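Values in this document were obtained by computation on a predicted structure and should not be read as measured data. Quick note: numbers below take in every heavy atom, side chains included, and nothing from hydrogens, waters or symmetry partners.
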Amino acid sequence: MIAYLVRYYIFTVTVLRRERKTKNLPISNEVNYELTVSVLIPARNEELVIGRLLQRMTQLTYPTDKLQVLVIDDASSDGTGQVADEFARRYGFIEVLHRDGKTGGKGKAAAMNAGLERSAGEIVLCFDADYYPQTDIVEKLVRDFVDPEVGAVQGRPVVLNESQNMVTRLVTLERIGGYRVDQEAREQLGLIPQFGGTVGGFRRCVMEELGGFDESMLTEDTDLTFTICLAGYKVRYAGEAECYEEAVDSWRAYWRQRHRWARGHMQVCFKHAFKVMFSRKLSAKEKIDGLLLLNLYFIPVVTLASFFVGVSIIFLGASQLFSALWLLMPLSFYSLAGNFAPFFEIGIGAYLDGRTRLQFLIPLVFLAYMYNMLICTKALLDLFAAKLLGKKQSKWAKTSHFGDRNRYI
Amino acid sequence: MQFKNNRLITILFAEAIVLCLIAAFRLINLETTVTLLIFNMLFTTVIFQLKGSVNRKLGLLSMGNIIGLFWSYIFCSLSAAGASVFGEGFNVVYAIFYPFVNFMWVVSFWSLSLALLAPAKNADTEG
């Protein structure tokens, strides 16, 4: 836990130093690197939001003769396919891949693999149906692929419905800490920025070499991050490529989303931890950061366990021990608050984004962390249960979107 | 004259911080002193890199130390009073909640300081 605290501290200081050095430098948009690009939009029952994204796709500044937008209508039972077909009729660069109940409905990774087969671009970008990107996001994401060693690039999601309620505000803080500081610092320090599966893209030839997405993984994006790095390619973070996303707006939806992330992340940890440790293609600092990243979702479980151990020690009367223990406990709690980013990292992220009022909510991120302790513990137990019973994950696990957040745009 | 005044203010703030640390160690306990030291370390290495005058930041830091000292003093007194009224069981409850109570002021004061120093670029987009 102290290792995580130190890691976040280094990240925060790194981003602050970099900000001071580069604040007067103009951001160049001059790079003219126009590869052919396919944008994959996997969608299952997204009729309420898909139109908004497709409309945005028609406003992109990237040349349409080098752009292919492919909607993967994965056995939707609502009007997702019809909305996408309507756009495809009007715009030549938009295509729709319909998957019926037999071929589709087997999860996002399977849908992405189907889309990958049909896509033609040298670079493949991915957007979830509820996202709303900047008009020049393709240029910003493609720019880093000028380096042939880069296998994937991740952009920055920004919460669209931040002012909706307390949950969306807390999620906003977590996202700010996670992307504005955490991912940015990993990029600056040459570590492993995480590919998030949306608002990002990868090089087609790398993906073909690696055999596509692993369909047994719940978080195929994290799995891809490590698969790419272990193959000797780099993942880059392009923080200036921003895209609005709909944050979960209730504690129940938060539980479902984080449970999926935690379980998937743990799956990836079991799959890649040893490979990362003994990889010859990763540097020592990449290995350390990679392992810390892989074990991230175990930390709330350890915190919960240590809390019970601490309480037991108190009741058993080992007073000499508990004094030292309780000095570490608050540090651990607060260093891991939120999306396991500490309060100082979230605070600096909010400061750099100029979010003055949001900063007052930082103490409440602690509630989200308490909640995450339960979520991650349940996810770990479920993962063990699934292993014992031999269950496989092969269906869509997604957050419902209702399209009523268009008013925030 | 302005320069001398600024230096005087800086020295006063620095003195206040040192006095708080000594008071925490002599009057309260080691845990409070360590908490204050961690707070000071985080504050000086992170917040001192942000925009704003050094005296303003030093002022916030010394205010944080004073708040932390009083916060800990109040809760330690509460623990002692609770133990004498309710018995040793109260100390167990206090020990369990100690991390939450002790660090609540750190995080709150941290966010308050950032808000006071922050340039509100996106205030119009905040809901």
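In this structure, A:Leu358 CG and B:Leu114 CG are separated by 12.0 Å, a value rounded to the nearest 0.5 Å. Summarising the geometry, atom CD1 belonging to B:Ile47 is positioned 11.0 Å from atom OG1 belonging to A:Thr12; distances are rounded to the nearest 0.5 Å. With values rounded to the nearest 0.5 angstrom, B:Leu42 atom CG is found 5.5 Å from A:Phe343 atom CZ. Note that OG of B:Ser111 is 11.0 Å distant from CD1 of A:Ile346, once rounded to the nearest 0.5 Å. Separating the CH2 atom in B:Trp110 from the CD1 atom in A:Ile348 is a distance of 5.5 Å, to the nearest 0.5 Å.
Proximity to chain A (any heavy atom under 4.5 Å) is shown, for B:Leu50, by both the backbone and the side chain.
By the neighbour-count criterion of 12 heavy atoms within 6.0 Å, atom OH of B:Tyr73 is sparsely surrounded, having that number or fewer from other residues, nucleotides or ligands. Atom CZ of A:Phe360 has more than 12 neighbouring heavy atoms from other residues, nucleotides or ligands inside a 6.0 Å radius.
With sequence neighbours left out, A:Arg156 forms a salt bridge (charged side-chain N to carboxylate O under 4.0 Å, His left out) with A:Glu242, A:Asp353. The side chain to side chain contact (heavy atoms under 4.5 Å, CB included) test applied to B:Phe70 returns B:Ile66, not counting sequence neighbours.
Taking each heavy atom of A:Tyr351 and B:Lys51 in turn, the nearest pair found is OH-N, 3.2 Å. Nearest heavy-atom pair, A:Val13 versus B:Thr45, reported as atom, atom and distance to 0.1 Å: CG2-O, 4.5 Å.
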